[in-house]
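Both backbone and side-chain heavy atoms feed into the values below; hydrogens, waters and symmetry mates do not. By convention here, the first residue in the shown sequence is residue 1.
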Amino acid sequence: MKMMLMFSTVYTLAVLFVSTKAEPKSKSCNDVRAAYSSKGFNVNDVPNKGVQGAHLKVCPQGYSCCTLEMEEKLSQLSHLDLKAPVSQLSTNLQSTFKQRHSHFDQFFRELLDNSERSLNNMFVHTYGEMYVRNAELFKHFFKELKRYYLSGSGVVNLDSMLSDFWGELLERMFRLVNIQFEFSDAYMECLSRHTEQLKPFGDVPRKLRLQLTRAFVAARTFTRGLALMPEVVNKVATVSASPSCVRAAMKMMYCPYCSGQVALKPCQNYCLNVMRGCLANQADLDTEWNNFLDAMLNLADRLEGPFNFESVMDPIDVKISEAIMNMQENSMQVSQKVFQGCGQPKPSKGLRSSRSVKETGFNSRFRTYSPEARPTTAAGTNLDRLTTDVKKKLKSAKKFWSTLPDTVCVEERIASGDDCWNGTAKSRYQSVVMGNGLANQVSNPDVEVDITKPDVVIRSQIALLKEMTSWLKAAHSGNDITVEDSDNDIDSSGEGESGSGCDSPSCDKDIYFSTPPTNIEPRLVVLPDGPAGGARVAQGSIALAFCGLTLALLAAHWR
C-alpha cells in the first residue's frame, strides 16, 4: 500500500514538472497578440497565455490563445479573406470584357457614323443642292441601320427596311428618267409591285441584303455576348458563402492562430477541399460558360471572315452606286416593262428647264474601293486587330469557374509538403480531394454541402448563358432571333427568324461585289427650252438625258 502511494505521488510530481516546463513555452500567446493586432483587432482581446478552450465553437478545444469573442471576429475575417481572391479574380475578368465590349461597340458605331458622314460629305460637295433635296432618303437608311444594330429585329425588320429603301430609290429615279410623264400614287404602287420582277438595280440589292444581315447580326450579337460576360461574373462572384463554408474557412485560416502557430498555413489538398466545397455551385456554371465561350469564338471567326462588318460598311456607298449605274444602263428597258405592266402614263404638262438645274462638276471619276486600304476609326484600330485580341481573352477565360479553387490554393496561401495545417494539427493531410461541382461534395470531409439545394442565382445565370449561346449559334449562321424565338429550342444550325443564313462555304461566294469601272464619266444632256420643245423630245432621248442627271444626283463617289 505504501509502495503504491509513493508511486502515485512520484507520477503526479513528474507530470506537474513536465507541464510547468512545457506550458510557458507552448501556451505563450505573444505571437498571437501581434498577429491579431495586425489584423486591426484590439490586442487586449488576446490572453497573455493559453486558456481553456472548451468554449470554442470551431477551433480545437483545450488550451488555446483564442477566446470566444476572438473566434467570432476571426470567423468574420475569414469570410472576407475567403471572398477576397475570388473577388479579385472576378473583378479582373469583368474589367477585361467590359473594356472589350466598349471597344467593339464604339468601333461598330463609329463605322456607321463614318459611312454616313463620308457619303453625305461627298454628295454635298459634288452635287450641292440637288443632293440636299434628296438626302433624307439616305439619312433614313443609316438611321434604320443604327436602330437595327442597337435593338435588332424586334424594332427594325431589316428585310422590310431594305425593300423600302430600294423601292423609294427606284421611284425617285423612275420619275427622273421619265420626267416627260406624270405618275399618280396608284401608278407608283404598281411600279413597286413589279420591283422584284424588274430587278432595276441588278443583283446588288440581294447581295447587299445578305451582307448587311449577316454582318449586322454577327456584330450586334457578338457585342451583346461581350456585355453579358461581366454581368454574369458579377452576379456569380457576389453569391454569399454558406454558414458551413464560413465555418470551414475559419478552421482552415485562423485556427492555427488559436494554437499559437500564426505562421502555419493550410495544406494544399486541405485548401482544395474547402474551396471546392465553398465554390461547388460556381463550378457547376463551367459547362455552359465554356459552351458560351466556344460560341463566341466561332462567331469571332465569322467576324474576321464572311461576316466582316467593316468590309460591308466601308464600301457601302460603292455598292449603292453600282446599283444606280445598273438602273441607268437599263432605264429604257425598265421603263418599257413598267409601261407594259402598269399602262402608258400621261404626258407631263410641262418640263422643267435644264437651266433650273444648278450645274456641278460632273467630270469627276468614280472612286474605287480597295479592301487592302481600309481606314481605321477614331479609335485607331480595325476589326481584325480587335477580334484577334478578344479571341485571346476568350480562350484564357475558359474553365474559369472550375479552376477557381486551384487558382486560390497556391503560393502564399498554402504550405507545401507535410509541415502544414491539416485542420487539427501541423501534419500531413490524409483525406481524398473532392472533385469540382455540387454533386461531388456529398462526402467532403471539411465542408458540409447540401447537394440537394443548388444556388438559385447561379442556376439563373446558367439558363441565361444557355439562351445567349443559342443566339450566338444562330448569328453564326447569319440568322437573327428575337426574345420570343429564344423561348423555343434553337438547334445548332441556328435556324431563326431571318432566313439569310448558310453554314456552307459555298454560300459566301456570291456576296462579294466586283469593283465598278474606274473611268466612268457621266454626261449631262441639255433639254430644249420651253414646254413645247420639251414635249417634242423623244422618250429615249429624255431617258438618256436624265440618266446622267440621276447618276449625278445619287452616285456615291465621283472624283
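Checking Asn422, Asp418, Asp446, Asn269 one by one against Tyr429, the side chain to side chain donor-acceptor pair (under 3.5 Å) holds for a single residue, Asp446.
The environment of Arg428 atom CZ is sparse: at most 12 non-hydrogen atoms of other residues, nucleotides or ligands sit within 6.0 angstrom. Counted within 6.0 Å of NZ on Lys83, heavy atoms from surrounding residues, nucleotides or ligands total 12 or fewer; the atom is thus considered open. Counting non-hydrogen atoms of other residues, nucleotides and ligands closer than 6.0 Å to NZ of Lys391 gives a total above 12. Residue Glu412 places its CD atom among more than 12 non-hydrogen atoms of other residues, nucleotides or ligands, all under 6.0 Å distant. Atom CD of Glu448 has 12 or fewer neighbouring heavy atoms from other residues, nucleotides or ligands inside a 6.0 Å radius.
Across every non-hydrogen atom of Asn479 and Val217, the tightest pair is O-CG1, 3.2 Å. Shown here for Val233 and Gln94, the closest heavy-atom pair between the two residues is CG1-CG, 3.5 Å.
Looking at Arg413 and Cys271, their side chains never come closer than 4.5 Å, going by heavy atoms from C-beta outward. Contact annotation: the side chain of Thr407 approaches that of Leu89 to within less than 4.5 Å [non-hydrogen atoms, C-beta and beyond]. At a threshold of 4.5 Å between non-hydrogen side-chain atoms, the residues Val274 and Lys251 do not count as touching.
Side chains of Asn114 and Arg117: a donor on one and an acceptor on the other come within 3.5 Å. Inspection of the Ser153 and Asp480 side chains reveals an N or O donor paired with an N or O acceptor under 3.5 Å. No side-chain donor-acceptor contact under 3.5 Å links Glu69 and Thr67.
Cys258-Cys59 SG separation is not under 2.5 Å; the pair is not scored as a disulfide.
Ion pairing of Asp389 with Arg385 is absent here, as no side-chain N (NZ or NE/NH1/NH2) approaches a carboxylate O to less than 4.0 Å.
Residue Leu77 holds its CG atom at 4.0 Å from CG of Asp81, rounded to the nearest 0.5 Å. Annotation: the span from Arg220 atom CZ to Phe108 atom CZ amounts to 11.5 Å, rounded to 0.5 Å.
Listed by chain and number, the residues in a side chain to side chain contact (heavy atoms under 4.5 Å, CB included) with Ser151 are Val155 (sequence neighbours excluded).
Applying the salt bridge (charged side-chain N to carboxylate O under 4.0 Å, His left out) test to residues at least two apart or on different chains, the pairs with a partner in residues 261-281 are Arg276-Asp406.
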